[in-house]
Each structure stands twice: as structure tokens, then as C-alpha cells.
Amino acid sequence: MFTPDRSKYPKHVNGRPEIDLSSGKYTKVWHGPQHPGITGNMALEITLCGDEVVESITHVGYLHRGFEKLMERRTFIQCFPIVCRIAVPEPAFNEYCFSAALEELSDIEIPEQAQWLRTFNLELMRLSSFLMWIGGMAGALGQGTIGQWCVTHRDYVADLFEEMTGGRIYHMYMLPGGVRAPLPPGFKERAFKVFDGIEKMLDAVDKVLYNNYVFKQRTQGLGIITRDMIERYGVVGPNARACGVKRDVRLDEPYVKYDELDFDYVTANASDAYARAVCRFEETLQSIDLCRQVLNKMPKDGPFHTKTPNVMNWKVAPGETYAKAECTRGEYGFYMVTDGSDKPRRVHARGPSMTHAICLMEQLAINTNVSDIAGLMVSIHTYPPEVER
Amino acid sequence: MKLKDVISPFYVWKRAFEKPYTNTNPLETRDGSANYRGFHANDIEMCIGCGTCEAVCQNAAIDMVPVEGVDTTMSDSGLRPKIDYGRCCWCALCVDVCTTASLRLTNEYTWFSSDKDEDFRFIPGIDKKSWDDNELGYRRHEGLELLDYKRQAMDHIPFEDSTKSFIEMFHGYSAKQAKLEAERCVDCGLCIAKCPAHMDIPEYIKAIRDGDFELGAKILYATNPMPATCGRICTHLCETVCSIGVQGDPVAIRWLKRYIIDQIEPGDLKDALGEIFPDNGKKVAIIGAGPGGLSAAYYLRQLGYSTTIYEGREAAGGMIRYGVPEYRMPYDQIDKETNYLKECGVEFKFNTYVGRDIQLENLMDDYDAVYFSVGLTIPYGLGIEGEEHPRVLSGLQVLDDATERVEENPNIGKSVAVIGGGNVAMDCCRVSKRYDADVHLYYRRRISEMPADSDEIHESQGEGVVFHTQAIPVRVEPADNPNQVKLVWGEAEMVTPKDGGRPRPVLQEDKIHTDTFDCIIKAIGQEGNYEFFTGEYKEKLETKWGKIIHNEYMQTSIPKLFVGGDIANPQADAISAIADGHLAAKGIDLFLLHPDDKQMKK
């Protein structure tokens, strides 16, 4: 592999490079917020020496809607349509964490069937998000065709969501007390058909992307997450599992019905972008398997929602809690404080993107070729809105 | 480099032979799923304009706007939701909390319009849209309850024990029950419009949720100086229009009112309300210490008038005390309210019957204005042969006797026939039960048509009253035993008149029965007694169908004389009398202190 001459690189003082732009040695480039390789509205301010990155600073704020503050001014039920927007491609985890936190604070036990439906919804959400990611990863490295395939099949998953929840993107399905609707008749058969289609497509993706010399060359050795970064930056999800760390909320602290499903950690050892891609591919297949398991194991019917207090006058006793779930990118959590009024005192949404996109990305970008920045960015899988709640 | 990694990607070409996955819109379209949250549709006939959708919408995308052609007389605000699609996020919470299930989302995805003036704000159901007839789309699923449709039951003395005494049957809500019941309210306010006194019901229910009973009492007294009474025996028209009642049990507004006032000890009312009564030097006489009179006296005192109530009986309350049995309306609660009025400076002259102890003329001369609400006291006759029999008693008299001398049996014997289907009839039945009588009720129509409260009917049946419906009394005959009487009655058939309208009971001549009782209690209604009107007043007073004619401020045809209560309004219940008293107080104020006011006769 080509190794550049790093003798001309800037010196580091207090952990930051000392860059004198007027010296003519460096170029400053804005990567994003419009760049298609950026996962959403986010920008990297990159300083280059030649074509190699010497400094990268992550900028967010293009999508700030102030969700956490909005929620402090809305009643509990009015927060429910807001939370899903905190992570656009994965609304279900916000809905789940919000509802679970509120249920814990108001002592509500949700029915068995609601737990199964939530499990299914969360796992289908992971599947949908992983498909989008595989497409995005391939696209970031110039393989747009695979992006088309994946997004097509993600749309079939969106069809399933539409039938189940009434919405394709923002499902607004898991609300405090359970879920909003039971599964429609014949849903299981249609879901299995969609899963079969996805598996067939993933088989093609495996051949075209994962066994592709170009893809391997560009991702192997890219963005290696070292052992000490994992604890220091709070790396979670497939990013950590690709480093051999067995960390998965679904298995470590099972919620809803995950303790009744049969699955294991998906790990890899190389810690680089390729290992992360492989991990996510395996987890996509695992998600399909889990979705099938849930549909096969869940009871045919039963109450899907338990009565909550009248939502128009719902006051929650003072308390605080943290509810978490494993999203595609790792641990997702809601920290909620209530003060006895009809509105939350404080809600904090903890998404893995905060640490991944800022602390981790700024480190991984150093000494990376500028053409690989897009691939690196996608490989750590971040969603900007959850950085700037 | 493995050879496989170079060859394998060429697999991509195989997919080139697959059929496209996309639809060629508009040649090929795809309908939204049966559960899809698309554009709004509203059933205008079902919608009552309660505004719960507007309240829950976190985007403030819904405005309730007035629409034409909606009948607002029955529990309908006349408003309908107008939706702003510049704000809506299609969360469908408006559908989930719709109290009537009239609002829904259709499964329509797209909205095209060539009309440049058509904007994305519209009133579903009124502004016609192409998707109005789509049956599919999101509706609230059975089993998803974001509102609380079930009423908190109130504990009461079980029926087997309730007939053994005159102890108040219903215990009132516990703090927890009251809070849970108060939480059911959605603050729509339809009840305010329906209540004759326009009590601010959502606000006092909110006071219960907040645990602020002093504020609650102030809200109650702003429109009703007899909350303890109305909290027990009100006809609760408010509950008939409660929006929660459309799909579930209406909020127990009456019990909640009782709960607030029960939290304030009798002596503490003055401190809780903290009222200051001015004095404007004018005097008003009030005839009758029933709800109408007490209400007028209280609001006149608030306006600064010195008020004197003339009451023929020895205690205040009128029909509430002498016509409603103690197990429904304990006398200490009437005393609690009356004593507060005394503290407010209202003067009572008991045992002073106008027309006997003092003349109307004197009052008209001595006072600046006179208000009278003397109630309906003369029972209607049955209009059948033999009803003059001494064992045919008046319902009002029986109830009066039970108040005056509760220890003694009011001479009803051990088997009683009650004729009628109103609350007085129910009271007579249940009072007779408490004197160990075997009670049979005869009513011309069906149970569903009884004017009595459904609660009363249910409790009467619970206490073992035997109901004979579609039973018409034919005549009364003397029995062999002079202390007994025979009721001859016939079964009736409900016949709908040819021109439509309410079905009428028609006697079936071949189905006549005769039963013997110790007494027959007639409770089919009563009329007013205007004997105390003499001379010029008698000539000037205008009446129609036995009720006094008045203007909107309760002024009669005699300018100085105001009226209220059962003799003035068709509802003839306590809350209407209280509302009349309040209106008359405003009218008297307009009459005496605003001489330029055009609404009042001078």
C-alpha cells in the first residue's frame, strides 16, 4: 500500500495539529452538508495535506429542531408524534424508548401481545435501516446499483410498515400503553414473502459487493477503531462488535420479548470498515431470522394496548428513568424526568451518533485519503438529527 | 487478490434481465393500505364539535370553526375541525381521541388540484374532497383507549339494606375515585351550554384534578348557590350531552360537584368563598324559600340588595326539603346551604304564608321589587272515576308527611299502588318501601319513556318496586275493607299515530285487571297555586298553560314583580329554578338601577 511522506505534516500541540493555512502546504475542504457521501445534513471541515486528511472537524446544526425542548412544552401524548423524528430512518427506537420510560414512571404494564408487536416492529425497523445502510455504503464507494436494489427492497419493508402501522416512514405505532393496532389479516404470509425477496437480493449483494476486489481494497484497513477508542468514546453497536466486543443491549439486558428469541452476538475482529460492513450484513440476515421467529412465536391475538389515564389529563408522578434499546447503531436511550405535571420536565435522547460522528470520526479521519472519507463516514453509520436533538 | 473477487461482481449483469420493480404512475397506481393514515374525512352528522381533536393536536393544525347548517340545540357546539395541511403531521391522534369516532383518516395518498385558489386548509366533510367516500384508512382500533370511557362507580348502601332507613344511600366519591373521575373529562364544555345555570363545569372538574377545593367552591357559587343540593338531586342535563358519553359513560359531573362541596365543612364556606357583600340601600322581597328563591336572594345580596325571604313553612328548601326524601337529599346539606345564605345577610321570615299571614299588596308597597317562585303544589287529578276515595293519596302529601314526621307511617298501609313515571313517583315508591310496604308502580308507557332519571328507575327496581308498564288506570273502586281500595287498570298497546310522532298508549278493553291496595298514590304531576294574587294583581298577571309569562330577565307583566322556578319554566327542576333566580337578580338590578335599560318594562 502507498505510504505518503508524513514528515511535512503539522506538529500536534495539546492534541490538535498546528496548521498555518497561509503556508500553502494545506488545503481546507468542506465535505458536506450537501455531499451525498455524508449521512444526512452534517459537514466535515477537512484540512488536507496533499490528498491526506490531517484534521477533521464535524459540524452539525443543519437539522436542529430542538426536540428535547419541544417536549418540555408538550403533554405526554403530544410528545408521542415528535419523538419518531429524532432519527428519521429509525423512528421505532425513539417511540419504544419514550413509551417504555413513560410506562415505567407511571407504573403501566403492557400486555403480552403488545410486547410481541413491539419486538417485531423494532426488529423490522433494524432490517429496514440495515438495508438502507448497505445501499448507502455501496453508494459511497461508487456502487450505486446496489443502493438501488437495497432501497427497492426497503420499500417493500415500508409496505409492511404501512399495513401494520398506517405510516411508511414515521410509524407512530408504539405509544404509551402498548401499540396502536394489531397485525392485519394475512400479514405473516406477506411479510415472509418480502423476507424471501430480501434474502435473494442480499445473496446478490454478497456476490457483487462483499466479494468485490475494489470494495475490499478500499475498505479493508480503513478507519480502524482501536481498543482504547471503544471505552474512551463509548463506541457501541456493530462498530464495537466489529472489534470483537460482545456488546448488544438485546442480549445484555433483554427488553420486550428478546429473551424469548434465539440469537447470538454478531462479531468480527478486523475493526476496520470492511469488518463493520460484514457485521452489518450478518445482522441484516439475523434481523430477518428474528422477524420470522417473532411472527412464528407470537400469539394469534390478544389485547395490544392497556388502558392509560385519559391522555388529555395525564399527569405523571415525579421520577426519573432511563430506557434503552439496541438500534442498528448501538445503544439508544431516553432519559426522562417527570415532576408530577402533565409535561415531561426533561427528556434526553441518547443516540450513538453523538460519539460516533464527532469524537470517533474526528480521530478516524486523520491520515485517511480524502477519497475514502465518504466511505469512512458511512461505515460508522450515523444519523445527524440524533446528534442535535 | 483472489480470482473470485474479480469475477463475482459480474453477477450484477444477471439482474439486468429482471422486471422493473417500480410502478408506472399514473398508468399503474397503488392504493394505500387499509390502515393508512392519509387525508382526513369527517362525518358531519356524527361530529358534535367537542374540539378534543383541536386540543390534542400538538402541531396546532386543527382549528374549530363555525359551520352553517348544524343544529346546535342538541349537544353540538356548531363548530367543526378545519385542518391545516401546512402543519399536520398525520399522527392521527385526533382520530384516536375523537369522542364520537366521526373523524378518520382515509387511505388516500395524493391530492391533485388544478384550482389555483384551493388551499390546503379545509373542513373535512364540509369542503367536499375526492377521498370522502374512501371507506378504508385509519380509524381508532377497538381496544385502543386513549380516553377513559368507564365511569367510576359510586359506593352505596346495598339495596337489601337501603330500604330499612332514610340514611343517605350514596356515600359520595373517595378522593381517589373523584380524581380518577375528574381525569376523564376532556374539557369540551358542551355541558356548560346545556346546563340551565351554565355552570363552568370543566373548570371545577379541573379544580378537583388540581386538588383546589376552595377554587372549586368559588366556581360553583359563581353560578349556583346550592351545589350540595345539585350535587345530589340535579337532573344533570349536562351529563346527557357529555362528549365522553357518546362512546362511553358520561363523566359523573353531578357527583363531582357534590365531591367539591362535601370537602368544605359547613362552617368553613364563608372563609372558603371569601365574599364581601355591598349594600346599595334597595330592598327586595322574595316569596318562597325553594331553590329559585334562595338563588335570587344570594345573587341579589351579591349585587348589594337587602333581601327578605317569606316562607310559609318552618324551614327553607321548598320542594327540595318537602318533596325529596332524605335518603336522596339529607336535610343537613340543605341547612349547610341555607345557613351560608344567612351568613351572607339574607333575612328569612319562616311560617309566613303570603296570602294568609301577609298580603302580596303589602310586599309590593314596602319593597322596591318582589320576586316569587312558589313552585307547583297542587297535584293533578287522575281524571278517572272514583278517585275521590279517601285511600287515594297525593304523592306530594306522602313525601311531605315523610319529611315532617319521619317516624310515623304516613298512613299508606302495607300495600301501595303508585301511579306515574316521574321522579316524584319514584320517590313515593321508595319512601313506601322504607315504610315496609309492598309497592306496585303503574305507568302508561314504557320504561324508556319514563320522565324519571334512569338512576332513579334503576334504584327503584333494585329496591324491589314492581313495575307495571303500559298500564292505564281505568277507575278506582271501594274495597270491602274501608281501609282498602281497588284499582282497576288495563293493559295498553303502544300505537304510533298515522302522521308519525310519539307512540301513544291505547287501552285494550279485553285486558282489564283489578288489584286491591291499602292506598293508591297519584304522582302524575302538579300545578301552581296563585291564590295569593288578589285584586288588580290577579287581573294583571298573565299566565299560559298554568305558567307565568315573563321576559328574558324573568320580569312578569307587572313591572315590579319577577318570577322564577317551576311556575315559570317548562323543565320544572331545581337547576332551572336556580338559573331563574340568578337571571331575575340581574333583571331586578337592571330594573332598579339602570332606568335607561330598554329590555325591562318600567
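Side chains included, hydrogens not; waters and symmetry mates left out as well; all remaining heavy atoms used. Chain A is the first sequence line, chain B the second, and so forth, proteins listed ahead of strands; every chain is numbered from 1.
Heavy-atom distances place the side chain of A:Y156, and not its backbone, under 4.5 Å from chain B. Both the backbone and the side chain of A:P309 come within contact range of chain B, judged by heavy atoms closer than 4.5 Å. At a 4.5 Å heavy-atom cutoff, the contact between B:V97 and chain A is made by side-chain atoms alone. For A:T308, the parts sitting under 4.5 Å from any heavy atom of chain B are the backbone and the side chain alike. Interface remark: A:R73 contributes no atoms to any contact with chain B (heavy atom separation under 4.5 Å). Of the atoms belonging to A:F80, it is side-chain heavy atoms, and not backbone ones, that fall under 4.5 Å from chain B. Neither the backbone nor the side chain of B:N107 has a heavy atom closer than 4.5 Å to any heavy atom of chain A. Proximity to chain A is limited to the side chain of B:R30, based on heavy atoms less than 4.5 angstrom apart. Only the backbone of A:H171 has a heavy atom closer than 4.5 Å to any heavy atom of chain B.
In this structure, NZ in A:K307 is found 6.5 Å from CD in B:E145, a value given to the nearest 0.5 Å. Here A:R168 contributes atom CZ and B:Y109 contributes atom OH; the two are 5.0 Å apart, rounded to the nearest 0.5 Å. Here B:L146 contributes atom CG and A:N310 contributes atom CG; the two are 8.5 Å apart, rounded to the nearest 0.5 Å. In this structure, CZ in A:F304 is found 5.5 Å from CG in B:L144, a value given to the nearest 0.5 Å. Interatomic distance, CG of B:N35 versus CZ of A:F187, reported as 10.5 Å (0.5 Å rounding). The line from OH of B:Y36 to OG1 of A:T165 is 9.5 Å long, rounded to the nearest 0.5 Å.
Heavy-atom pairs under 4.5 Å with chain A were tallied for B:A34, B:G32, B:S33; the largest tally goes to B:S33. The most heavy-atom pairs under 4.5 Å with chain A, out of B:H141, B:R37, B:K4, come from B:R37. Of the listed residues (A:M164, A:H305, A:K315), the greatest number of heavy-atom pairs within a distance under 4.5 Å of chain B belongs to A:H305. Per-residue counts of heavy-atom pairs under 4.5 Å with chain A were compared for B:A182, B:G137, B:C89; the largest is that of B:C89.
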side-chain hydrogen bond (donor to acceptor under 3.5 Å, both in side chains) between A:R180 and B:Y138, worked out: CA-CA 10 Å; A:R180 268 177 130 173; B:Y138 184 83; 3.2 Å; yes

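Residues A:M172 and B:C91 share a closest heavy-atom pair of SD-CB, 3.2 Å.
More than 12 heavy atoms of other residues, nucleotides or ligands sit less than 6.0 Å from atom OH of B:Y85. In the displayed structure, A:E109 atom CD is contacted under 6.0 Å by at most 12 heavy atoms of other residues, nucleotides or ligands. By the 6.0 Å contact criterion, CD on B:E28 is enclosed, its count of non-hydrogen atoms from other residues, nucleotides or ligands being greater than 12. Within 6.0 Å of CZ on A:R85 lie more than 12 heavy atoms contributed by other residues, nucleotides or ligands. Within 6.0 Å of CE on B:M64 lie more than 12 heavy atoms contributed by other residues, nucleotides or ligands.
Residues B:L93 and A:P81 are in side-chain contact: their nearest non-hydrogen atoms beyond the backbone lie under 4.5 Å apart. Side-chain contact between B:T52 and A:M312: present, with at least one pair of heavy atoms (C-beta onward) separated by less than 4.5 Å. Under the 4.5 Å side-chain criterion, counting only non-hydrogen atoms from C-beta, A:N211 is not in contact with B:I7.
Put simply, the side chain of A:N313 gets close to the backbone of B:E183: a donor and an acceptor are under 3.5 Å apart.
A side-chain contact (heavy atoms from CB on, under 4.5 Å) with B:V12 is found for exactly one of A:L209, A:V208, A:V205, namely A:V208.
Between B:R209 and A:D342 no salt bridge is recorded (no basic side-chain N to carboxylate O distance below 4.0 Å).
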